[in-house]
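Here is the structure we will look at.
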Amino acid sequence: MNKEEAKISIRQLVEDINNHNYRYYVLADPIISDYDFDMLLEKLVSLEKEFPEFKQPDSPSQRVGGSVTSEFTSAKHTYPMLSLSNTYSEIELREFDERVRKLVDGKYEYICELKFDGLSISLTYENGLLIRALTRGDGERGDDVTTNIRTIRSIPLRLVGSGFPEVFEVRGEVILPRPGFEKMNLERIEIGENPFANPRNAAAGSLKLQDSAEVARRPLDGYMYYALGDSLSFVTHQQSLQALAKWGFKISDKSAVCSSIEEVLTFISKMAREREKLTFDIDGIVIKVNSLEQQQALGFTAKSPRWAIAYKYKAEQVTTQLLSIDYQVGRTGVVTPVANLKPVQLAGTVVKRASLHNADIMAKLDVRTGDFVFVEKGGEIIPKIIGVDLNKRDLFAEPVIFIETCPECGTSLERQEGEAGNFCPNEDHCPPQIKGKLEHFIHRKAMNIDSLGEGKIEMLFDNHIVTDISDLYKLTYDSILGLEKVIKAPEGAKEKKLSFKDKTARNIIDGILASKSAPFERVLFAIGIRYVGETVARKLALHFKNIDAIIAAEPLELQLAENIGEKVAGSIFSFFRKPENILLIEKLKAAGLNMVADKQPDLISSNLAGKSIVVSGSFGSSKRRKELEEMVVMHGAKLSGGVTSKTDFVVAGENMGPEKRQKAINLNIPVISEAEFLEKLK
Ligand code: IVH
C-alpha cells in the first residue's frame, strides 16, 4: 500500500470503527459481529504502526490504552465543578420547590434524572475532538485522566453529527455497571487481589490507574448529564441532553420532565422500585429546573446551584438473627468485631456478615448472641448493624464481652486515648500488622513495587518467604516460581490454587530491583515509622541528608527539621531505639537501598543555563517525556510546568494542551519540536 492509500484507508477505518463502537456501546445496537470488529481494529493498528504519521487524534486504537502515566498532572477547571445540595426528606424537597417558586417568574418545570453513583468527570471537546478529561478534584482543579478516559468505549473521541460549538465541556459520571464489577471482583479474588468494596470505589480506583491498558480492561461506562460552554444556545436542560445524545454521548433514558413537585415525588417512588433492575448503582434522583433561563435567574450559592437538588435514597434495611461474633485484626492493629448473621437478602445480595464497628459501639448497641438485629447496607461491601429489636430478645440472652487478647497473636489488647477501638500493640510480630507494613512498603507512593499487590504479599508472607520488608530483597526468581496459595472458594464451588508463573515471578523480581533506585525520602516513608508520612519524610531527608544522622538525632534535634513536632520526633526517636529496627536498616542498606539524599547531579553541559523551559504534550511514551525533562535540567535550565512571560521556549509533543499553546502564542514564546530541542543541545 502506498502512502496516499494508507492515509485514506486509516481515515476510513477510524470513522467506521468509531461508528461501530458507538452503535455497540452507546446505542446497544451493533451491526457487525465482534469478530469483524476486531479484524477492523487489527487492520487499523497494523496500518498505524506502518504509517505512524497518519495516526488520527480520534483513533480508536487509543481505546486499548498503552501509555503509562507516572503522575497525573492537575489542571484548572474552566468552570468550577460544584456539588449538589442533597436531602433524604420529602419535606425538604417541598421546601426546595417553595424557594424555586419564589425566585422564578411564573410557571416552571423540573427534569428528574438518575443520580449516578460513580465518579464525576469533565470532558473538553474542541472542534469535535475529545482533548481533555479532568476528575473533579477539589472542584477548582482536577487530575488530567485523558488517556484513561479515552479507553472508555461509550465516551466519544470524536463527536458525531453537527451543530456543536467549537469548544465546550460535557460533564457526567464514570461508572462501573454491576455485572462488570462482579466479574472483575471474582477475577481479583482469583489472582489473590482484594476485591473492591463497591462499584464506585472500583471505578475511582480504575480511573487512577497508571497503566491505561489496564484501565481499558475495566468495563467502565460513562453517562453524561451536563453541557457547559459560552456558545451553547439551548432553551431547556432537556434539550441539552437530547443534543448530547445526538452528538454521540450516552445519556440515560430514565429522565423525566415533571410539571410539579408531586410529579417529582411520583418519579422518585417509581425509581425507588425500579433501581434494582438497573444494571448500575444509583444513590438518588437529581431534580433540576428545566428552563436554562430560570436556572440562570436562580444562580448558585458558593457550593452548589440553587436550581438543582439531589434526593438521596436511604440505605435499605432488614432484620435477621445474630449467630456469633468474630474479631478481625486490621493492618494497623485495630480489632473490629464482626457479626455472623443468619443469611438474609439485602439490596440484591445475600448478607451473612456485618460489621459491629468497635468495642464502644458494640457496647452501646448492647447486642447479644441470638438477638434480632437491624442490618443496613451503606456504601461498603460489609453491611452495618444499626440496632437491636429488643421486642424479640430472649429473656436469658447474655451480654457479649469484647475479647481481651489479640485473636491473631495472643497479645493483650490495649486502648489508645481518644480512640474508640481496641488494638493489638504487637506491631512488629502480629501477622496482619506485618502484612500491613509490607503493603505500605510496596505502595505507589512508597517504593512503588506495583508488580506486588496485597494478594501477592499475602502469599509470600503465608509461605514464610517474606517476614519483614528486607526479605523482599532476598527474593530470587527461583525462590518464588511456582509458589502456591489455596483460594477459599464460595460454598459449593471447588477450591482453587493460585501459583506464581514465569511472567509473574519475573515481574515481581524486576519490580523489586527497580525499587532500589527510589530516592531516600521515599525509602524513609516506606519503612513505616508511625507519623512519618510523605511530607515528614521529605523534610527529614532534606534536613538530615542521610539515615545515620536521623538515627543519631535526639528528639530536640529532630524537631529542628521543618514540620516536625514533639509527637513525630518522639515516634522517630523511639523507632530507632529498637535494636530490631536498626538491624532492619542495616539489611536495607546492604540490599542497596538509598539511605542518602540525592546530591545535585553533575550537569552534562550549561548550554541552556539560565533558561526556563516547558515540556508539554506526549512524545510517544511517558518515559521519553521524562528523558526530555531530565535533559532540560542536565543542561542547566529550569524545568517549569506552566507557560509564563519568563518562559524561554516550549518543547511541544503531540497533543500539547491547547490552552498552553494559545498562551505561548499570546506571549510570543517559541514552541519547538523535540528534534529542534535536541539540536539546541549540540
Ligand atoms: S448535575 C452543578 N446530574 O452528584 C451540578 N450530578 O452530589 C452539576 N451526579 O458532583 C451536577 N448524577 O458527580 C448532576 N444526573 C446528575 C448526576 C450528578 C450524579 C453527581 C455528580 C455531582 C454529585 C453531586
Side-chain angles (χ1 to χ4, degrees), residues 77-88 92-93 96 100 110-124 133-143 145 149 152 154-155 168-177 198-201 203-204 207-208 220-229 232 234 236-245 249-258 264 267-268 271-272 274-275 278-292 294-313 379:
H77 289 293
T78 316
Y79 311 91
M81 276 182 96
L82 301 175
S83 60
L84 293 171
S85 56
N86 61 52
T87 175
Y88 290 91
E92 284 180 11
L93 212 54
F96 164 77
V100 171
Y110 293 114
I111 176 159
C112 296
E113 290 170 12
L114 303 183
K115 184 168 184 333
F116 304 96
D117 196 8
L119 208 80
S120 45
I121 193 86
S122 187
L123 311 172
T124 307
L134 296 182
T135 61
R136 179 168 192 278
D138 62 4
E140 290 292 327
R141 298 181 71 85
D143 280 338
V145 288
I149 287 293
I152 303 176
S154 54
I155 293 182
F168 73 110
E169 288 196 21
V170 182
R171 295 205 172 146
E173 206 87 348
V174 171
I175 58 156
L176 196 73
N198 55 47
R200 180 174 17 86
N201 286 7
L207 268 198
K208 285 299 176 67
L220 296 167
D221 206 347
Y223 281 92
M224 300 299 125
Y225 46 67
Y226 195 23
L228 272 159
L232 290 166
F234 305 114
T236 63
H237 180 71
Q238 190 188 30
Q239 275 178 7
S240 70
L241 294 180
Q242 285 160 349
L244 288 177
F249 294 99
K250 195 160 181 170
I251 307 295
S252 164
D253 57 4
K254 296 270 186 276
S255 66
V257 172
C258 299
V264 168
F267 180 82
I268 290 175
M271 282 319 301
E274 288 181 17
R275 64 190 279 220
L278 296 171
T279 54
F280 50 84
D281 285 354
I282 61 168
D283 58 345
I285 299 294
V286 181
I287 300 112
K288 302 173 180 172
V289 169
N290 196 20
S291 148
L292 298 185
Q294 287 173 341
Q295 281 191 6
Q296 215 171 13
L298 285 158
F300 296 83
T301 68
K303 281 191 294 190
S304 52
R306 280 197 201 89
W307 43 263
I309 191 165
Y311 177 88
K312 300 242 271 183
Y313 289 123

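When a ligand or atom number is given, it counts from 1 through the structure's own listing order.
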Less than 4.0 Å between a side-chain N and a carboxylate O, is that true for D143 and K208?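 Here K208 pairs with D143 in a salt bridge, since their nearest N and O are under 4.0 Å apart.
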Could you check whether D281 pairs with R200 (Lys NZ or Arg NE/NH1/NH2 to Asp/Glu carboxylate O, under 4.0 Å)?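 So D281 does not pair with R200 through a salt bridge.
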Between [X] and ligand 1, which residue portion shows a heavy-atom distance shorter than 4.0 Å: side chain, backbone, both, or neither?
X: L84; answer: both
X: R171; answer: neither
X: L119; answer: neither
X: E113; answer: side chain

For the residue pair [X] and [Y], confirm or rule out a side-chain donor-acceptor distance under 3.5 Å.
X: E113; Y: S255; answer: no
X: Y79; Y: E169; answer: no
X: R171; Y: S122; answer: yes

Compare [options] and give the one whose heavy atom is closest to [atom].
atom: atom 9 (N) of ligand 1; options: Y223, Y225, Y79; value: Y225
atom: atom 10 (O) of ligand 1; options: S120, S304, S252; value: S120
atom: atom 23 (C) of ligand 1; options: M224, K115, H237; value: K115

Among the heavy atoms of M81, does any lie under 4.0 Å from an atom of ligand 1?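 No, M81 has no heavy atom closer than 4.0 Å to ligand 1.
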Suppose I only count heavy atoms of P305 and a 4.0 Å limit; which atoms of ligand 1 are within that range?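 In order of numbering, the contacting atoms are 2 (C).
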State the atoms of ligand 1, each with its element, that fall below the 4.0 Å cut-off from a heavy-atom position in F116.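 In order of number, 12 (N), 19 (C).
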For K115 and I285, work out which heavy atoms get closest and say how close.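 Closest approach of K115 to I285: CB-N, 3.9 Å.
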